[in-house]
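Comments concern the structure below.
Letters A, B, ... are given to chains in the order of the sequence lines, protein chains preceding strands, and every chain is numbered from 1.
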Number of protein chains: 2
Amino acid sequence: MPKATPVHRQITLADIASGCGVSRATVSLVLRGSPLVNKNTRARVEAELKRQGYVYNRAAANLRRRTSSSIALVINELGNPYFAEFAAGVDEALGKAGFVTLLGSTGESAVREQAVLGSLMEHGPGGIILSPAEGSDARQVLTTVGPHVPLLLFNRELDDEVTEINHWDVLALDNVHGARLATQHLIELGHRRIAFFGGHRDSSSCRQRREGYQQAMRDAGLPIEPRWLIESSPTRLEAARQAGALFAVDPAPTAAVCYNDAVALGLMLGLNQRGRHPGHDFAVTGFDDIAEAEVSVPPLTTLATKPRERGRQAAELIIQRLHHPNTKATRTIAPVQLVVRESSCPPIVTP
Amino acid sequence: MPKATPVHRQITLADIASGCGVSRATVSLVLRGSPLVNKNTRARVEAELKRQGYVYNRAAANLRRRTSSSIALVINELGNPYFAEFAAGVDEALGKAGFVTLLGSTGESAVREQAVLGSLMEHGPGGIILSPAEGSDARQVLTTVGPHVPLLLFNRELDDEVTEINHWDVLALDNVHGARLATQHLIELGHRRIAFFGGHRDSSSCRQRREGYQQAMRDAGLPIEPRWLIESSPTRLEAARQAGALFAVDPAPTAAVCYNDAVALGLMLGLNQRGRHPGHDFAVTGFDDIAEAEVSVPPLTTLATKPRERGRQAAELIIQRLHHPNTKATRTIAPVQLVVRESSCPPIVTP
DNA sequence: GAGAGTATTTGGATCGTTCCAAAGAGAGGC
DNA sequence: GCCTCTCTTTGGAACGATCCAAATACTCTC
């Protein structure tokens, strides 16, 4: 593990202290803006700090004070624009509150997630914002982060019991309601045979979105054909490949509620390749409202989840938790909004 | 500045030591895998470490050893998929080498960049990877990071002299060559009136890309009309708005080399709004090859820069620098590849 | 069983900060 | 001039690790 590297001689409190004839303690008080120090002394010390180009050593301070000034952000896939936006929001809000973000990307692997969490823990984060990788296990997470570091789960959920016991907070999207809105929208347009396309059955968000879809279908008295529930990895490519599965059933559906935007965009691509025209002879909805949804052809009807705002919210929640470590865990459900664009067309009426 | 937060009592070396009847020093040796310790002792200590759930305190170790195990990554805009990919690559490679990434996003503001750098410095990073915000000033950067922390500039350059003196490394794209390739490609297709569209004249990457464009034009003996050099913010929206500027000159250009993909996609949108059809009656090229370029309509001819790979490369460069602090600064130019897709069509021949 | 040599282990100082209890400096009252 | 009170300042012990020189424990050899 060649992770070490020598650092140049630092300018310390002691240098400043001797530089202007006061004690280390006084300089320390000045640095922390204590009202105890005399005006003149403060001015003298401040001048010396600037003169020597002093840089505060937060690690040393944190060691002594047994505090932390960092929050770990563990993301399952930074390359995904949705999570990138989320990360940007987190970093923005954490920075504003004086925390620094320790980044860790897991590449959607539970094994790597464990390694990343372990490595981040050694840097003593005050809290962790975790968007779990697929297949991530609550008990394993618990053993590596321990019971004392506050943790906020974003987007996906883990074993309820473990989450509960450790007062882990949860920030989730209103998946059920969102999928329901999308489905109702398609029903109102006149669709009767509607598929749910994409996602993995074992991810919590997929289950919830399917649930919303099924609720809407049931409420409208519409049948749900099991073969209309089509799984696919949440990537554009995989979704494009799976598009054909929609037409394996006869009669085929006329619309699909997709697991997310990536899947929806992929599906539209796949439809085009099969000579279908999403937005004209097949209706598609997404979930997330990534930047691309607005400018795709046709523009995608989807559910806006405002990832950057969610990131800020996550940061605020974890900071709240730091200040009140013992209050009951919260479960925050962020609202989502239906954004109607051209990919959701009415069905073609066959005479 | 309420950036502090209490942390639970830690399990320390001393706990492990007394837990199995050895000294702190021995436990420390075990932790670092020293060959000095006896096999049996090692086993005993390791069992105790596991039993008590010990977590290494890297901050304390770094303090004593005067080393660092983190690298700061300062990005001008994380929400931009290009930089998100870059960040993902950086984090991946840093993690593999045992470093943790300290993230900072500047939102393209030089003022915020200063604040972010200052805050990150307090956490004692071993090095900094900086993608400067627009308008960032070398001398200011120098005063806040100091002359001893290795810095790698990505993507944009700063004052050459300051960069040189401080042995700052540079990782840049081959902008000149890339723009030249794109321009040559259009010329080979038969275009004679070619514009350079988008970007700000004062950014180094824009200047370099314009330079490549001009070289290719000159080499082909083609005229460069000053009004064909059109500025715009590098955003899709702004580019779409500026599209009209191309047709303010008569005769109008038949093709445009764009500053980057965002601009190119925006331009195509703007052309469509004006009843033009990019890929049919107007040729467009981009720069970056973001994910969207491949699936836009029409698919965008562009220059692949492989941001994730660049991220890994940046991480490797800074790690190299940590190991050899005194070698001469390097200036790495990453190659770019022309990816021909349908947005670059031959000109329409007017009889 | 003394002496030499190697293999392990160890106490105490140290990194740069903060905490704490106590000391010093003035001001005012009598 | 002494006492009290408030306002400032301060030395030295932490925090949790590592370094270092020196101590101790073993093995041989003769």
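- Here A/Asp169 pairs with A/Leu152, A/Arg321, A/Ala329, A/Thr330 under the side-chain contact (heavy atoms from CB on, under 4.5 Å) rule; sequence neighbours left out.
- Shown are B/Leu73, B/Ile71, B/Val149, B/Val74; of these, the side chain to side chain contact (heavy atoms under 4.5 Å, CB included) with B/Leu120 is made only by B/Val74.
- Listed in residue order, the members of residues 17-25 of chain B having a heavy atom less than 4.0 Å from DNA chain D are B/Arg24, B/Ala25.
- Contacts classified as salt bridge (charged side-chain N to carboxylate O under 4.0 Å, His left out) and involving residues 15-28 of chain A (residues at least two apart or in different chains) are given here: A/Arg9-A/Asp15.
- Checked by atom type and distance alone, the side chain of A/Glu77 pairs as donor or acceptor with a backbone atom of A/Gly79 at under 3.5 Å.
- Side-chain contact check for B/Thr101 and B/Asp91: at least one donor-acceptor pair (N or O, by modelled atom type) lies under 3.5 Å.
- A donor atom on one side chain and an acceptor atom on the other are found under 3.5 Å apart for A/Thr26 and A/Ser23.
- Note that the first and last nucleotides of DNA chain D, 5' to 3', having any atom under 4.0 angstrom from a heavy atom of chain B are D/dG16 to D/dC19.
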Distance-only donor-acceptor hits, side chain of residues 127-136 of chain B, under 3.5 Å, sequence neighbours excluded:
from	atom 1	to	atom 2	distance (Å)
B/Ser131	OG	B/Asn76	OD1	3.1
B/Glu134	OE1	B/His200	ND1	3.2
B/Ser136	OG	B/Glu113	OE2	2.5

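- With respect to the salt-bridge test (charged N to carboxylate O, under 4.0 angstrom), the residues B/Arg331 and B/Glu157 qualify.
- The terminal axes of the helix from C/dG1-D/dC30 to C/dC30-D/dG1, fitted over 5 pairs per end, subtend an angle of 60° to the nearest 10°.
- Shown for residues 43-57 of chain B: no residue has heavy atoms falling under 4.0 angstrom of DNA chain C.
- No donor-acceptor distance shorter than 3.5 angstrom exists from the side chain of B/Ser34 to the backbone of B/Leu29, with no hydrogens or angles considered.
- Among the atoms of the strands shown, base atoms are found under 4.0 Å from some heavy atom of B/Thr26.
- Annotation: side-chain contact (heavy atoms from CB on, under 4.5 Å) contacts of A/Leu142 (sequence neighbours excluded): A/Val162, A/Asn166, A/Trp168.
- For DNA chain C, the outermost nucleotides in 5' to 3' order that have an atom under 4.0 Å from a heavy atom of chain A are C/dG16 to C/dC19.
- In this structure, a donor-acceptor pair under 3.5 Å is absent between the side chains of A/Glu316 and A/Gln320.
- Applying the side-chain hydrogen bond (donor to acceptor under 3.5 Å, both in side chains) test to pairs two or more places apart or on separate chains, those with a residue in residues 138-147 of chain B are B/Arg139-B/Asp159.
- When the side chain to side chain donor-acceptor pair (under 3.5 Å) test is applied to B/Arg156, the partners found at least two apart in sequence or on another chain are B/Glu108.
- A donor-acceptor contact closer than 3.5 angstrom links the side chains of A/His123 and B/Ser69.
- In this structure, the side-chain contact (heavy atoms from CB on, under 4.5 Å) partners of B/Ser203, at least two apart in sequence or on a different chain, are B/Ser205, B/Cys206, B/Tyr259.
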